Amino acid sequence: ARAAAVGRGLRVMGVGSGLWTAATALGGRARSVGRLLAGRLGSGGGEACNGTETFSLRSAVCPPLKLSRAIAVLNFDFMAGNGLSLIIGGTLILYLNRIAPLDLPLVGTLQAWQLTFIMVGLPGLLVAALMWTVKEPLRRGRMIVETARVNANGKARPASVPVRDVVKF
């Protein structure tokens, strides 16, 4: 959240999405509970990069009078996405059970659940890469502190509130 607040939030979302989907796909290569747990923890860490920035981004692109509706739709989308992921994932595992186990060169034998992790994880890497092409919107309502930082283009931008001031508050 801090990196998104003081830097380029869409970049944070891109990195988070990349970590999330790569960890999901790597979870499909797990051969032990420990490796599966590591993949799921990496997936959760990647997802965490998107939570706060999603709301920040929404407030930057929506007019203030429509923001509450936009956030309500976003929350509905979260729930719908969770439900659809269970339906689609279950259907995919059911289908892949007909062809699994699958022996692949350099990969080895993969069961249906492993193929599912890989199939739903890998396309997300493309989405994560596309996040680098999205233009960062102008943020409204950011606190301005006395000092300004100069970015790579030589333009001054407001400095963020120091962490010690946030903790003190």
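On a predicted model such as this, the values are computed, not experimentally measured, just so you know.
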Tell me whether the count of non-hydrogen atoms from other residues, nucleotides or ligands lying under 6.0 Å of OH in Tyr95 goes above 12.
no
Test side-chain contact (heavy atoms from CB on, under 4.5 Å) on Ile118 and Leu110 and set out the steps.
CA-CA 10 Å; Ile118 293 168; Leu110 296 175; 3.8 Å; yes
Please give me the minimum heavy-atom distance between Ile93 and Ala112, naming the atom from each residue.
O-CB, 4.0 Å
What do you reckon, is CZ of Arg31 surrounded by more than 12 foreign heavy atoms closer than 6.0 Å?
yes
If we only count heavy atoms from C-beta on, is the Leu74 to Thr54 side-chain gap below 4.5 Å?
yes
Begin from the C-alpha positions of Arg164 and Phe169 and carry the test side-chain contact (heavy atoms from CB on, under 4.5 Å) through to its verdict.
CA-CA 9 Å; Arg164 65 175 151 33; Phe169 175 77; over 6 Å; no
Within a radius of less than 6.0 Å around CE of Met119, do more than 12 heavy atoms belonging to other residues, nucleotides or ligands occur?
no
Hydrophobic clusters here meaning ILVMFWY residues chained together by side-chain heavy-atom distances under 4.5 Å, can you tell me if Leu26 and Leu37 are in one?
no
Are Val127 and Leu57 in one and the same hydrophobic cluster, where Ile, Leu, Val, Met, Phe, Trp and Tyr link if side-chain heavy atoms are under 4.5 Å apart?
no
What do the steps show when you test Asn50 against Ser17 for side-chain contact (heavy atoms from CB on, under 4.5 Å), and what is the final call?
CA-CA 7 Å; Asn50 296 327; Ser17 296; 3.4 Å; yes
Derivation of the side-chain contact (heavy atoms from CB on, under 4.5 Å) call for Asn75 and Phe55
CA-CA 10 Å; Asn75 281 319; Phe55 289 101; 3.8 Å; yes
May I ask whether Leu94 and Leu92 are part of the same hydrophobic cluster, defined by side-chain heavy atoms of I, L, V, M, F, W, Y residues being less than 4.5 angstrom apart, directly or through others?
no
Decide whether Leu122 and Leu102 are clustered together by the hydrophobic rule: side chain heavy atoms of Ile, Leu, Val, Met, Phe, Trp, Tyr closer than 4.5 Å, transitively.
yes
Leu130 and Thr133: which non-hydrogen atoms are nearest, and at how many Å?
O-OG1, 2.6 Å
